[in-house]
*Asks:* 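This is the structure I want to talk about, given as structure tokens.
Keep in mind that this is a model prediction, so the values were computed, not measured.
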Amino acid sequence: MVATAKITESDNLPKKYLSDSQLQNLFNLAKTRNYRDYALFYLSYRHGLRAIETTYLTFENIDLTSNQIWVKRAKNSLATYHPLTQECHRVIKKLAKNKSSNYLFPITTIAIRKICQKYNFHHHQLRHTCGINMARKGVDPLIIKNYLGHKNIQNTMIYINDAGINFKNLPEF
């Protein structure tokens with residue numbers, strides 16, 4: 001039997017995104033099954049990583065003192081420093097205790113695909129979920145663009161358009 005993140009009828013987001021409850025269920029399930037899977041999913045979501053970018057993560061790219069991680073992007077995207085949340089910090093420290101390589105996840109993108117299949121989702125959904133959640137929280141599109149490494153703002157606007165943002169809190173002008 002394949003374990004899956006629980007999906008309810010109220011989860012009406014397009015297939016390319018995970019709802020908040022789907023994301024939380026995925027994290028909870030991965031924590032109980034395999035902490036490495038949770039770490040892979042959490043860091044991929046938190047930093048909007050493609051599968052290949054997840055394989056680029058090394059311990060050398062992390063500065064726990066300044067709480068930053070260097071995110072090397074694929075597809076000719078822009079590399080950036082990202083701040084580390086407390087949870088990222090905990091996850092990285094735990095991975096470092098069991099480190100067998102300089103890479104956080106010394107696996108291939110094919111292995112990542114197989115891991116995600118066990119949880120019944122696609123890895124790229126984490127990147128889309130990151131972008132749409134940033135848009136829903138009102139993060140400036142230029143910040144989202146840079147955070148996800150987009151060179152073209154049109155790629156970022158997909159998240160803004162899909163976020164269903166309304167004009168209710170628009171300031172007077």
Side-chain angles (χ1 to χ4, degrees), residues 1-7 15-134 143-151 155-156 158-159:
M1 182 172 161
V2 174
T4 183
K6 184 179 177 188
I7 299 173
K15 191 176 178 181
K16 59 186 171 180
Y17 308 109
L18 299 175
S19 69
D20 290 342
S21 64
Q22 287 172 319
L23 187 64
Q24 194 56 53
N25 287 334
L26 174 65
F27 290 160
N28 291 338
L29 181 60
K31 271 186 189 177
T32 61
R33 295 184 82 213
N34 185 324
Y35 190 82
R36 189 262 341 249
D37 295 352
Y38 166 70
L40 176 92
F41 301 158
Y42 182 78
L43 292 174
S44 294
Y45 163 72
R46 184 68 186 114
H47 298 286
L49 302 173
R50 297 174 178 97
I52 189 72
E53 294 166 350
T54 304
T55 69
Y56 295 162
L57 295 176
T58 67
F59 288 100
E60 291 173 352
N61 298 126
I62 298 166
D63 183 349
L64 293 177
T65 305
S66 64
N67 284 315
Q68 291 188 85
I69 185 171
W70 175 250
V71 178
K72 179 182 173 190
R73 295 292 183 182
K75 295 178 71 173
N76 206 24
S77 297
L78 305 171
T80 54
Y81 280 100
H82 284 191
L84 294 173
T85 63
Q86 287 182 349
E87 181 62 6
C88 288
H89 206 274
R90 277 191 291 277
V91 165
I92 291 166
K93 277 187 163 183
K94 194 164 183 178
L95 288 173
K97 285 181 184 176
N98 301 319
K99 129 181 180 177
S100 61
S101 154
N102 192 41
Y103 290 93
L104 272 69
F105 306 102
I107 57 178
T108 65
T109 55
I110 293 169
I112 291 173
R113 185 179 319 127
K114 289 179 181 178
I115 291 166
C116 293
Q117 285 173 348
K118 292 178 186 176
Y119 293 87
N120 198 27
F121 82 104
H122 296 281
H123 184 272
H124 208 74
Q125 287 175 291
L126 296 170
R127 180 174 168 82
H128 286 293
T129 304
C130 173
I132 201 164
N133 283 347
M134 290 177 79
I143 292 173
I144 298 171
K145 172 192 170 291
N146 292 334
Y147 193 80
L148 295 177
H150 293 153
K151 281 193 171 180
N155 296 329
T156 310
I158 294 166
Y159 302 113

*Asks:* Minimum heavy-atom separation for N76 to K151, with atom names?
*Replies:*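 Smallest heavy-atom distance, with atoms named: O-CE, 2.9 Å.
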*Asks:* For A74 versus Y56, what's the shortest heavy-atom pair and its separation?
*Replies:*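 Reported closest heavy-atom pair: CB-OH, 4.0 Å.
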*Asks:* What's the spacing between K145 NZ and S77 OG if we round to 0.5 Å?
*Replies:*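 If I round to the nearest 0.5 Å, the distance is 10.0 Å.
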*Asks:* Taking the side chain as every heavy atom from C-beta outward, state whether V71 and Y81 have any atom pair closer than 4.5 Å.
*Replies:*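 Side-chain contact under 4.5 Å: no.
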*Asks:* First locate atom SG of C116, then atom CG of L126, and finally report the distance between them rounded to the nearest 0.5 Å.
*Replies:*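 Separation between the atoms: 6.5 Å.
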*Asks:* Run the side chain to side chain contact (heavy atoms under 4.5 Å, CB included) test on I69 and C88 for me, step by step, so that the C-alpha distance in whole Å, both residues' side-chain angles and the decisive distance to 0.1 Å come before the verdict.
*Replies:* CA-CA 10 Å; I69 185 171; C88 288; over 6 Å; no
*Asks:* Would a 4.5 Å heavy-atom cut-off, applied to side chains only, mark R90 and Q86 as touching?
*Replies:*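 SC-SC contact between R90 and Q86 confirmed.
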*Asks:* In Å, rounded to the nearest 0.5 Å, how long is the span from CE of M134 to OG1 of T129?
*Replies:*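 One finds 13.0 Å between CE of M134 and OG1 of T129.
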*Asks:* Is the terminal nitrogen or CZ of R33 (NZ for Lys, CZ for Arg) located under 6.0 angstrom from the six-membered ring centre of Y38 and within 45° of that ring's axis?
*Replies:*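 No - R33 does not lie over the ring of Y38 by the 6.0 Å and 45° rule.
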*Asks:* Which class fits the ring pair H150 and Y159: parallel under 30°, tilted 30 to 60°, perpendicular over 60°?
*Replies:*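 Ring orientation of H150 relative to Y159: parallel.
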*Asks:* To the nearest 0.5 Å, how far apart are OG1 in T156 and CD1 in I144?
*Replies:*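 Taking OG1 in T156 and CD1 in I144, the distance rounds to 7.0 Å.
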*Asks:* So, does N61 use its side chain to make a donor-acceptor pair with the main chain of L57 at under 3.5 Å?
*Replies:*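 Absent.
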*Asks:* I need the minimum non-hydrogen distance between Y147 and R46, along with the two atoms involved.
*Replies:*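 Smallest heavy-atom distance, with atoms named: OH-O, 2.6 Å.
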*Asks:* Does the side chain of N133 come under 3.5 Å of the side chain of Y45 through a donor N or O and an acceptor N or O?
*Replies:*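 Yes, side-chain donor-acceptor contact under 3.5 Å.
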*Asks:* Under a 3.5 Å cutoff, is there a donor and acceptor pairing between the side chains of Q24 and N28?
*Replies:*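 Note: Q24 and N28 side chains meet the donor-acceptor criterion.
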*Asks:* Would you say I115 and I107 make side-chain contact, with heavy atoms under 4.5 Å?
*Replies:*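 Of all side-chain heavy-atom pairs linking I107 with I115, at least one is under 4.5 Å.
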*Asks:* Would you tell me whether Y42 and T85 have side-chain atoms, one donor and one acceptor, within less than 3.5 Å of each other?
*Replies:*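 Yes - a donor-acceptor pair under 3.5 Å links their side chains.
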*Asks:* Check step by step if side chain to side chain contact (heavy atoms under 4.5 Å, CB included) holds for L95 and K99.
*Replies:* CA-CA 6 Å; L95 288 173; K99 129 181 180 177; over 6 Å; no
*Asks:* What distance separates E53 CD from H47 NE2, expressed to the nearest 0.5 Å?
*Replies:*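 The distance works out to 12.0 Å.
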*Asks:* Would you say NE2 of H124 has more than 12 non-hydrogen atoms from neighbouring residues, nucleotides or ligands within 6.0 angstrom?
*Replies:*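 Counting neighbours around NE2 of H124, more than 12 heavy atoms of other residues, nucleotides or ligands fall under 6.0 Å, so yes.
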*Asks:* Just wondering, do D63 and W70 contact through their side chains at under 4.5 Å, heavy atoms?
*Replies:*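 Not in contact.
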*Asks:* Within the structure provided, determine whether H123 and S44 are in side-chain contact (heavy-atom separation under 4.5 Å).
*Replies:*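 Side-chain contact under 4.5 Å: yes.
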*Asks:* Is there a side chain to side chain contact (heavy atoms under 4.5 Å, CB included) between K75 and R50 once you walk through the steps?
*Replies:* CA-CA 10 Å; K75 295 178 71 173; R50 297 174 178 97; 3.4 Å; yes
*Asks:* Please report the shortest heavy-atom distance between N67 and L64, naming the atom on each side.
*Replies:*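 Of all heavy-atom pairs spanning N67 and L64, the closest is OD1-O, 3.3 Å.
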*Asks:* For the OG1 atom of T55 and the OH atom of Y103, what is their distance to the nearest 0.5 Å?
*Replies:*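 T55 OG1 to Y103 OH: 8.0 Å, rounded to 0.5 Å.
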*Asks:* Could you report the tightest heavy-atom contact between L148 and G131, atom names first, then the distance?
*Replies:*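 Where L148 meets G131 most closely, the heavy atoms are CD1-CA, 4.0 Å.
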*Asks:* State, yes or no, whether a side-chain contact exists between L29 and D37 at a heavy-atom distance under 4.5 Å.
*Replies:*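 In short, these two side chains do not touch, never coming nearer than 4.5 Å.
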*Asks:* Would a 4.5 Å heavy-atom cut-off, applied to side chains only, mark I62 and L104 as touching?
*Replies:*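 A side-chain contact under 4.5 Å exists here.
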*Asks:* Between R73 and H82, which heavy-atom pair has the shortest distance, and what is it?
*Replies:*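 The answer is NH2-CE1, 3.4 Å.
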